[in-house]
There are 2 protein chains.
Amino acid sequence: MNAKGPSPQKSEVRPPKAEVRSIADLARIAGVSVSTISRALTGKGTLNEKTRERVRALADEHGFRLNVAAQNLRLGRTGAIGVLLPLGHDRGQHLSDPFFSAMLGHLADELAEHGYDLLMSRVLPGRANWLDDFVRSGRTDGVIVIGQSNQGAVLDAVGRHYRNLVVWGAHGTDLPYLTVGTDNVAGGALAAEHLLARGRRRLAFFGNVEAPEFAAREQGFLAALPPDLRAQVEIVPIQLTPESSFAAASAYFAAGNRPDGVFAASDIIGMSIVSAAAEQGIVVPEAMSVVGFDDILLARIATPPLTTVRQDIAEGARRLVALLLQRIAGADVASVLLEPRLVERGSS
Amino acid sequence: MNAKGPSPQKSEVRPPKAEVRSIADLARIAGVSVSTISRALTGKGTLNEKTRERVRALADEHGFRLNVAAQNLRLGRTGAIGVLLPLGHDRGQHLSDPFFSAMLGHLADELAEHGYDLLMSRVLPGRANWLDDFVRSGRTDGVIVIGQSNQGAVLDAVGRHYRNLVVWGAHGTDLPYLTVGTDNVAGGALAAEHLLARGRRRLAFFGNVEAPEFAAREQGFLAALPPDLRAQVEIVPIQLTPESSFAAASAYFAAGNRPDGVFAASDIIGMSIVSAAAEQGIVVPEAMSVVGFDDILLARIATPPLTTVRQDIAEGARRLVALLLQRIAGADVASVLLEPRLVERGSS
DNA sequence: GACCTCTCGGCAAACGATTGCAAGGCCAAA
DNA sequence: TTTGGCCTTGCAATCGTTTGCCGAGAGGTC
């Protein structure tokens with residue numbers, strides 16, 4: 001149990017001396033009024049430096065911290081930002097995709113840096129009011145939705161009367177809410193150009209085009225192909241979970257389909273394809289090139305390492321938070337479109 | 001933008017009629033007192049059914065929802081559970097492991113099912129008081145810590161005076177806090193037995209033994225080996241991130257080491273090893289068997305699919321939440337130890 | 001018609017903080 | 001000694017709910 005890494009530094013963790021639950025309790029002990037305590041602990045207002053020090057020491061001694069809930073109620077804010085993941089018809093579906101969890105991690109860091117808590121909520125299916133309900137409950141000062149999924153209508157409706165809403169996803173025209181997202185059309189084009197440059201001609205696209213993000217990737221992919229090839233591209237509808245995408249890919253190859261170049265709408269789908277292909281004796285990259293999308297951390301340690309269209313998740317998270325906080329502050333801000341980048345690895 | 005999947009069902013999302021911010025506003029409009037509004041909307045207390053319906057309709061009409069913050073303040077609770085991930089000296093480190101994100105997703109579901117929000121917080125390194133501070137701020141009704149990491153001392157100190165604390169991790173004796181975790185020693189033994197059964201004799205363990213979870217896996221692994229083999233096992237210290245584990249594995253193989261059986265302390269490490277081995281021309285599973293730990297979703301779609309010691313994450317999340325809520329309710333509960341299971345796949 | 005019993009809904013005090021306003025203390029200048 | 005000004009700190013209202021207590025009617029019975 002000996003700490004070897006980051007070890008305890010500042011002060012010791014110690015048990016409280018007496019039960020001090022509110023500033024009123026502390027005021028009694030200190031022999032001052034509650035306002036003095038408040039001013040001492042928040043640092044707001046003017047107060048004699050000695051008094052402030054004395055109160056702070058006393059608070060420390062009793063292990064007292066201001067109650068954030070009460071503070072927030074009084075200040076008319078919550079100090080928390082909601083992060084919502086729509087489309088969870090399968091438990092764990094979205095979070096199973098490392099892209100989402102990476103995004104979540106970066107959002108947590110970024111929000112923490114700005115003093116906000118991150119209130120996470122998976123959205124259960126079927127409730128049309130999920131977003132409206134969440135917003136109205138007043139639990140957070142703003143909302144970040146990761147992925148438009150097929151919930152465009154809901155986002156539109158809420159975005160029209162609720163301003164503190166930022167969505168990760170495709171950049172539509174005239175959306176009533178802010179978006180931050182990768183240029184999926186450009187990303188699809190990158191994949192197409194790369195497969196063409198590798199001499200691939202029998203092409204396939206694997207992805208679920210119900211979601212606007214994926215639809216844009218497909219569209220960009222097709223648009224960048226010469227017309228004769230474009231007409232022959234096979235579109236394989238596929239779900240996001242590893243199991244179902246693996247199963248679909250297996251079935252596809254087992255049916256005798258033999259494309260020589262595949263663009264997968266996500267890295268997870270890409271890895272499923274590689275794995276399914278291997279089982280059918282199709283060797284990647286010799287017999288078939290596979291290009292993914294996202295550049296999740298695991299893409300590098302896949303076997304073979306996955307060529308992919310990289311989205312800068314960290315930058316995305318930074319922009320999402322920045323935009324939202326500016327909007328909360330009342331600033332006038334615009335949506336952001338990030339440029340994707342092709343990362344060539346062993347799978348193509 | 002046409003919704004195809006779960007489509008809007010119940011009521012329409014609509015803008016509010018007038019500015020109704022508090023039950024006082026609504027009371028004025030309805031011509032009743034605030035208590036009546038409260039009773040109508042919460043369903044608590046007795047109220048004429050007709051009045052209740054009338055108030056509810058009016059609230060709906062104006063898009064009014066009770067302010068959760070105020071409600072919680074009054075009720076002396078927060079309605080939120082904190083989920084903390086310690087040891088984040090590398091941004092995104094822990095969340096990059098699908099194990100953590102899967103756990104997080106299941107926790108979110110499980111908590112939502114019990115009416116709690118999930119307040120997520122990555123813990124920044126170096127602050128010895130991180131947990132104490134968080135607990136004292138009163139932002140949540142309870143805390144779930146995912147992974148003991150090297151923070152045993154901190155957990156001990158806080159656990160002694162704060163009861164609503166549950167930790168995912170190793171099951172120590174006489175810990176002052178509740179734990180839910182897999183029997184890591186048994187898991188290590190499963191891996192050892194499996195490698196022995198495959199006829200492997202030149203064994204290696206890859207993992208970071210600073211964390212008690214991993215140390216227990218190593219210990220169980222070693223204990224299950226015959227003494228002569230045990231003495232020859234190579235212990236390769238390795239970090240959790242994909243990049244660093246891949247780099248370490250690469251260096252290890254490049255140095256000419258050629259074990260024929262490897263036990264990796266996590267699936268991510270296992271996949272890194274397979275990938276690094278492939279680069280050096282070591283064929284898995286023919287020349288070397290690899291066994292991972294966790295059974296993350298991706299283990300199935302790895303190439304080759306990864307043999308691994310499965311932890312039941314969903315069950316773990318369920319137990320974590322159940323234990324915490326029982327404890328919050330004042331019940332007397334005990335820590336839980338889950339049995340791991342070996343899942344044989346192509347990598348061994 | 002008087003009295004009792006219910007049922008319904010209003011009053012007001014909490015929950016734990018923040019903050020505008022003003023009172024009191026202190027010091028220096030007159 | 002008086003007065004004015006500044007610095008420090010206290011008073012009390014407020015944020016939006018919940019809920020114990022109690023009064024006012026309604027309805028029933030004799």
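What's counted below: heavy atoms across the whole structure, side chains too, no hydrogens, waters or symmetry copies. Computed from a predicted structure; not experimentally measured. Each chain gets a letter, A, B and so on, in the order the sequences are listed, and its residues count up from 1.
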Give the rounded distance in Å between these two atoms: [atom1] of [X] and [atom2] of [N].
X: B/E49; N: C/dT7; atom1: CD; atom2: P; value: 15 Å
X: B/N72; N: D/dC15; atom1: CG; atom2: P; value: 19 Å
X: B/L41; N: D/dT18; atom1: CG; atom2: P; value: 8 Å
X: B/I23; N: C/dC15; atom1: CD1; atom2: P; value: 17 Å

Does a side-chain N or O from [X] land closer than 4.0 Å to OP1 or OP2 of [N], or not?
X: A/K44; N: C/dT18; result: no
X: A/S33; N: D/dG10; result: yes
X: B/N48; N: C/dC8; result: yes
X: A/Q71; N: C/dT18; result: yes

Under 4.0 Å, counting only non-hydrogen atoms across every strand here, what does [X] touch: a base, just sugar-phosphate, or nothing?
X: A/L75; result: sugar-phosphate
X: A/V32; result: sugar-phosphate
X: B/T51; result: sugar-phosphate
X: A/I37; result: nothing
X: B/L73; result: base

Can a donor-acceptor pair under 3.5 Å be found between the side-chain atoms of [X] and the base atoms of [N]?
X: B/R52; N: C/dG9; value: no
X: B/S35; N: C/dC11; value: yes
X: B/R74; N: C/dG16; value: no

Would you say the side chain of [Y] lies within less than 4.5 Å of the side chain of [X], judging by non-hydrogen atoms?
X: A/L58; Y: A/F64; result: no
X: B/H114; Y: B/I81; result: no
X: A/Y116; Y: A/L325; result: yes
X: A/M120; Y: B/L104; result: yes
X: B/Q148; Y: B/Y177; result: yes

query = If you check every side-chain atom of B/S38, which of D/dG10, D/dT18, C/dT19 has the closest atom?
reply =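 So the nucleotide nearest the side chain must be D/dT18.
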
message = Which nucleotide wins on minimum distance to the side chain of A/F64, given the candidates C/dG9, C/dA17, D/dT17?
response =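 Between C/dG9, C/dA17, D/dT17, the one nearest the side chain of A/F64 would be C/dA17.
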
request  = Nearest-nucleotide wise, let me know which of B/L66 and B/R39 is further upstream toward the 5' end of DNA chain D.
outcome  =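 Result: B/L66.
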
